[in-house]
Every structure is written in C-alpha cells, then in structure tokens.
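Just below is one structure, and these are the notes that go with it.
Hydrogens, waters and symmetry mates are skipped; everything else that's a heavy atom, side chains included, is used. Lettering follows sequence order; numbering is per chain, from 1.
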Amino acid sequence: MWAGDCESERPGAGTVRAVRRCVPSSKARAVRGGPTPPARRLPFDLLEEFQMVKLSADQLTTLPFHHGCSCSVAPHEGQALWVADLPGSRVAAIAFPWTAIAPGQLVISDLQLLNSNLVLIEEGGPISLAGYLSRMALVVCSLPWQKEARKARLHS
Amino acid sequence: MSGIIQLCERVCTAKTADDLTASLVAAAEELEFEVANGFVRERRSGPCAHHSFGFVPPSYATMHKDQSKFGRDPVIARTVADAGRPVVWGQQTYVSAGQGDLWEEMAPHGLQRGIAIVMPLAQGRWLAFGAESSISKSLTPASLERQVTGFMLLAAYTAARTEEMFFGASAKAASPLSERQREVLAWTSKGKSAWEVGRILGIAESTVNQHLQAITKLLDVRGKAQAVAVATSSGWI
C-alpha cells in the first residue's frame, strides 16, 4: 500500500529504479522470509511484514537502531527502514518517508507516515496516536538517517 | 538537535495553555522563528473550534483571528490537503496562488516566511500548528534542514501534549470496529502474524489482511501499529 502511494504520486522511471535498488538488511530478509526477491520491496512494504512487538515507550529511545534499507521512490523523495534487535529474537523496525528540500538537504516528509511494528505502552496505559507519532519522531530525528538516504539518492 | 529535544521535553510537561505557549516560544527561538502558535479543529479544515495557544504579535492578533480569510489562504489549503506534511511557505507561495495581498497584510508584523502543518488528534480532531519569522535573516540549506526537522519534532510533541492536556479526560468515543475487526486487531497487537490470527479465528490469512486493511481505512491511519495505538488508547481493544 505504501509503495502504491509513492508510485501514484510520482509515477515513472524513478520509481522503478528505486524498487530495484532498495535492498533490505539481512535481518529484514530473515524476518520476512519467503520466496519473493527482496529487491522488489520498499521499506514500508517490509515494515508491514514484521510482527508486532509490545514495548515500553521509555525503552524506545534506548534501542540500538541500525540502518535496514533506504531507497529513492522519486527524484526528491524516498523511504527508509531502520531496525533494532530485541531480546528473544524479536526485531523493532521503524519506517519513514523523506524528501529533499534543497540539494543534499533531507527531512522527514510526513509525520503521519512514521510507522513501526511497535505497540508502545507507557505507565498510564496505552499510548495515543499523537503520543506514538511524537515518540517515533524523536527516534528518527536522533538517527543518522540522512547519510544513508543520500547514498540511496546517489545510487538511484 | 539536542537543544530542540530538550525544549520538546518542556512541551511535554506543560500543564496549562500558558505553559505550552512559554515552552513553544522558547523552542521557536531555538529554531530561529519569532512566532509559533496552534489551535485545535473539530474537522481537518475550518476555523479554531477548541483551544488555541502560542504567540502571535499583538499587532496582528485581530487579523490572525479573522476567519473570513481562511478559505483563500493557500498555506492553510495545502496543510489541509497534505495533513502530516510540513508546508514551507514564503511570499511566493501566496503570490503564485493569487493571494499576495494576504502576505502583504502579514509581512509588516514579522510573518514573512514559515512552516505550517496539520496533525491528527484523537476522536477526529486536528491540530493546526505553525511557526513564522521575518525574512531579514537568510537561511542556508543546512539551517533550513535543521529548522524543518526541529519544527516537525516540535509539532509532533505539541500534538501529543495538546491531546493529553485538553482532551485527556474526555469521554471515549464509541468503537467503529466490528467484533471481528476488534478480534483481528487485538490478536495482531499481541504480535500474532496474519497467518496465526487466521488460525486462531478460523479464517484465511487473506481475510485477516483484508480486515487489517479495512481497519486502517476506517480509523484513517497508516498501518497496523498506528491502528493499534488508536484502538488501545480509545479502549476499543
């Protein structure tokens, strides 16, 4: 569904190139499994295949996220997936869209699209959607994701 | 980013609209904005329906509340059309929309360029949030990247705090989910895959996926995790 969104916004050769170049990490491949070639998957597609994991919201910022995959889906837009290993062979994954606002300058393009496979719980009970998005935004803003996204742009 | 993260944490602890305004002003200064304000709407588009907060230059306060101009403001239109996406605007945004006179009215009060966004809150409410400054200080591309990133973080925290502060104790809305959708989402939230949920409920994996797609559409969210966040915080699962 996510890839479809991107394709419908900016159809054309850029999208096809991006799909070919988006190669997920070994962890993402291992979790996803299945016979479909991973090169055809965009970060948001991959995210939907990670199983949900319940996690304390306070733990979120302490997770050791590392780069999963990044790809361009249009000349100035792309997606990224970052993953972190959790105890019990579980994996936390966060996907988000990015856009170039100036040459070489990338920002998250849509806060509503910040997504993960995490069910966040805090002391007072379940976290609201706005709370969820703010926690995700904090994690993403703390990651060196622009470096990987710039590489993806260069290769697209 | 550490400075703006600390200031966002101040937003989290705001107890009143005045506290929220004070923390937003501090965060706006850190991001080289002079003005930051927001209000809650009952629908995605439309005028302020609930709470407003933040700082607006006193000389512009009356014009800021003039709802007759909302309908032709291109920045408002773009934020409504692309909720969740930041709209970086300047004089050209208004001129190219044929609404240069609106920019001319704001400009003398220091509102010459800015960023605006509309964010979803619980129960179908929306937060409209913006930060503005004059154009006397030019921005490099790198500082614009920092400013937009900081603004989005601030917007996300402001939405979360606004919801808790103004609507946290309000009555829960009735669940729009069917019993089957509730079951599917409840098992999904426990980490079960679509195949496993299908086995538990005695339905096909593809049916589970269809239910999940219907749920995300019904709740107007992006993906399973956001659907779970909405449903659990609303007490539906």
Side-chain angles (χ1 to χ4, degrees), chain A residues 1-2 5 9 44 47-54 57 61 88 90 92-122 124-143 145-146, chain B residues 1 4-5 8 11-12 82-86 88 117 119-122 127 140-142 144-153 155-164 168 188-193 196 209 212-213 216 219 221-235 237:
Chain A
M1 135 173 83
W2 303 108
D5 286 346
E9 283 175 22
F44 277 114
L47 177 70
E48 285 301 304
E49 303 201 10
F50 282 84
Q51 289 197 1
M52 305 290 285
V53 176
K54 201 170 273 189
T61 50
R90 297 174 306 161
I94 294 183
F96 54 93
W98 48 262
T99 189
I101 53 170
Q105 305 302 315
L106 307 178
V107 298
I108 303 164
S109 60
D110 191 335
L111 277 174
Q112 272 195 278
L113 293 184
L114 290 175
N115 213 344
S116 78
N117 66 330
L118 300 171
V119 177
L120 297 181
I121 305 294
E122 59 185 359
I127 202 163
S128 68
L129 178 59
Y132 175 87
L133 293 176
S134 65
R135 306 297 177 106
M136 292 298 151
L138 179 59
V139 170
V140 173
C141 288
S142 306
L143 297 174
W145 63 267
Q146 284 100 337
Chain B
M1 288 304 294
I4 192 66
I5 289 172
C8 285
V11 168
C12 277
D82 289 332
R85 283 180 172 251
V88 180
I117 196 168
M119 292 285 293
L121 302 178
L127 170 72
T140 63
L144 180 61
E145 177 183 288
R146 176 184 169 275
Q147 196 176 55
V148 174
T149 300
F151 172 83
M152 291 182 79
L153 191 58
Y157 270 81
T158 304
R161 190 65 201 137
T162 302
E163 189 169 270
E164 286 171 22
T188 301
S189 74
K190 291 181 166 73
K192 302 295 182 191
S193 67
E196 289 170 320
N209 286 326
L212 288 170
Q213 283 181 8
T216 53
L219 301 182
V221 294
R222 314 303 204 278
K224 292 179 290 190
Q226 290 192 11
V228 168
V230 170
T232 51
S233 61
S234 302
I237 60 171

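Across all their heavy atoms, A:Val139 and A:Ile94 have their closest contact at CG1-CD1, 3.5 Å. Taking each heavy atom of B:Tyr157 and B:Cys8 in turn, the nearest pair found is CD2-O, 3.6 Å.
Using a cut-off of 4.0 Å between Lys/Arg side-chain N and Asp/Glu carboxylate O, B:Arg222 and A:Glu48 are scored as not salt-bridged.
In this structure, no portion of A:Ile121 lies under 4.5 Å from any heavy atom of chain B. With a threshold of 4.5 angstrom between heavy atoms, B:Met152 approaches chain A through its backbone and through its side chain. For A:Leu118, the part lying under 4.5 angstrom from a heavy atom of chain B is the backbone only.
Among residues two or more places apart in sequence or in another chain, the side chain to side chain donor-acceptor pair (under 3.5 Å) test is passed with A:Thr61 by none.
Counting heavy-atom pairs under 4.5 Å between each of A:Ser142, A:Cys141, A:Ala95 and chain B puts A:Cys141 at the top. Between chain A and the residues B:Ile117, B:Ile4, B:Thr149, the most heavy-atom pairs under 4.5 angstrom are made by B:Thr149. Ranking A:Pro97, A:Ser128, A:Ala137 against chain B, the residue ahead of the rest is A:Ser128, based on heavy-atom pairs under 4.5 Å.
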Pairs of donor and acceptor atoms involving the side chains of residues 98-110 of chain A, under 3.5 Å and at least two apart or interchain, shall be tabulated with distances.
residue, atom, partner, partner atom, Å
A:Trp98, NE1, A:Gln79, O, 3.4
A:Thr99, OG1, A:His76, O, 3.1
A:Asp110, OD1, A:Gln112, N, 2.9

